[in-house]
Trainee: 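Let me give you the structure first, and then I'll get to my questions.
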Amino acid sequence: MSETQSEIRSWMRLVGRRAMLLACVLVGCLHAGWAQDVVPEASVPIYVQVGKTVYQGDSIPEIITPPLYKYPPLEFKDAKQKQEWNLLVSNVKKLLPIAKKARFLLIETYEYAETLPDEKSKREHYKLVEKELKEKYSPMVKKMPRSQGRLLVKLVDRECGQSAYAIAKAFVGSMRANLYQGLGLLFGNSLTKHYDPQGDDRMTERVVRLVESGQL
């Protein structure tokens with residue numbers, strides 16, 4: 001587990017039922033499948049770390065670029081398998097930015113809430129953020145095909161170290177989270193799904209790494 005994911009887990013435990021209001025976006029994944037509109041293509045920023053290091057008694061910039069991955073070439077059995085791969089690549093490129101935004105929103109919302117003087121101020125801030133998120137993201141998320149909704153749930157778990165169900169439960173409570181989960185199952189989705197980079201999501205992890213490093 002990365003340091004960022006570990007921090008988010010700790011923050012989620014501290015915030016409890018008052019946690020981040022991003023779940024209004026994640027809950028939209030439950031309803032994916034009613035329309036076949038696709039999410040507009042989005043780019044994933046390539047993260048370059050810039051710091052400083054000491055060289056011969058002087059400070060110089062230190063630039064750490066993302067790792068470059070080398071995989072064996074893919075061999076497709078037929079045209080259908082190749083089409084499935086191309087669709088996975090397209091969907092990851094569209095949805096990974098949303099999952100990364102989810103992580104940043106979780107961190108940002110929590111950090112700002114901790115600066116507020118009392119619980120009332122925090123609740124008011126949560127409501128405001130929830131309203132803004134619903135207006136901005138819900139229409140787009142609800143138009144996702146079911147396959148994109150399922151993939152987004154997995155990618156959110158990858159980025160945040162928390163399932164979409166855990167995030168929903170943290171800010172709306174168990175009763176509503178269970179209701180959303182039940183609705184999701186009716187439409188072929190589950191907010192409890194976890195990302196498994198060594199198992200079922202092995203090919204997805206390959207695509208994610210290549211996209212993050214700018215190789216794909």
Side-chain angles (χ1 to χ4, degrees), residues 5 22-45 69 71 73-106 133-169 172 176-216:
Q5 290 176 336
L22 177 71
C24 66
V25 179
L26 304 179
V27 167
C29 297
L30 297 169
H31 308 291
W34 285 324
Q36 293 301 314
D37 300 19
V38 296
V39 182
E41 193 76 33
S43 60
V44 178
Y69 299 95
Y71 292 99
L74 289 172
E75 297 183 0
F76 302 107
K77 295 186 298 185
D78 49 38
K80 180 181 179 181
Q81 192 177 65
K82 183 177 181 179
Q83 184 179 19
E84 290 174 350
W85 166 259
N86 290 335
L87 180 60
L88 176 62
V89 171
S90 177
N91 284 339
V92 167
K93 287 184 175 181
K94 293 169 183 174
L95 301 175
L96 186 58
I98 300 176
K100 289 186 177 296
K101 182 66 173 177
R103 182 183 67 195
F104 295 136
L105 283 173
L106 286 171
L133 287 174
K134 284 181 177 179
E135 292 175 353
K136 184 174 182 179
Y137 291 104
S138 291
M140 177 268 293
V141 175
K142 287 183 178 180
K143 292 181 180 180
M144 289 181 184
R146 292 178 184 176
S147 59
Q148 288 187 357
R150 288 191 290 266
L151 179 58
L152 179 57
V153 168
K154 289 286 194 76
L155 291 176
V156 165
D157 183 71
R158 179 187 188 272
E159 293 298 315
C160 298
Q162 288 280 310
S163 69
Y165 174 80
I167 296 174
K169 181 180 177 181
V172 299
R176 286 177 62 188
N178 289 333
L179 173 61
Y180 295 146
Q181 169 67 356
L183 290 173
L185 292 174
L186 289 176
F187 293 96
N189 203 349
S190 172
L191 292 182
T192 62
K193 289 288 185 180
H194 288 287
Y195 189 78
D196 182 9
Q198 304 300 324
D200 292 341
D201 303 304
R202 179 173 54 87
M203 296 305 292
T204 301
E205 181 66 13
R206 174 171 175 165
V207 175
V208 168
R209 289 183 177 185
L210 293 176
V211 170
E212 287 180 330
S213 65
Q215 295 174 258
L216 193 60

Trainee: For a quick test of reading the model, state the closest non-hydrogen atom pair linking Val89 to Val207 and the distance between them.
Mentor: CA-CG1, 3.9 Å
Trainee: Would you compute the distance between atom CG of Leu216 and atom CZ of Arg206 and round it to the nearest 0.5 angstrom?
Mentor: 9.5 Å
Trainee: Is the backbone N or O of Leu95 less than 3.5 Å from a side-chain atom of Gln148, with the two atoms forming a donor-acceptor pair by type?
Mentor: no
Trainee: Go through Leu155 and Ile98 one step at a time and tell me if the side-chain contact (heavy atoms from CB on, under 4.5 Å) criterion holds.
Mentor: CA-CA 9 Å; Leu155 291 176; Ile98 300 176; over 6 Å; no
Trainee: Leu96 and Glu212: which non-hydrogen atoms are nearest, and at how many Å?
Mentor: CD2-CG, 4.0 Å
Trainee: To the nearest 0.5 Å, how far apart are CG in Leu87 and CD in Gln83?
Mentor: 7.5 Å
Trainee: Look at the side chain of Tyr195 and the backbone N and O of Glu205, then say whether any donor-acceptor pair between them is shorter than 3.5 Å.
Mentor: yes
Trainee: OG/Ser90 to CH2/Trp85 distance, rounded to the nearest 0.5 angstrom?
Mentor: 12.5 Å
Trainee: Quickly, which of Asp196, Asp201, Asp200 forms a salt bridge (charged side-chain N to carboxylate O under 4.0 Å, His left out) with Lys154? Name it, please.
Mentor: Asp201
Trainee: Would you name the heavy atoms of Leu152 and Ala99 that are closest together and state the gap between them?
Mentor: CD1-N, 4.3 Å
Trainee: Any idea which heavy atoms bring Gln215 and Ser213 closest together, and the distance?
Mentor: OE1-OG, 2.6 Å
Trainee: Using side-chain contact (heavy atoms from CB on, under 4.5 Å), reason through Asp157 and Lys193 one step at a time and then give a plain yes or no.
Mentor: CA-CA 8 Å; Asp157 183 71; Lys193 289 288 185 180; over 6 Å; no
Trainee: Between atom CD of Gln162 and atom CZ of Arg103, what is the distance when rounded to the nearest 0.5 Å?
Mentor: 14.0 Å
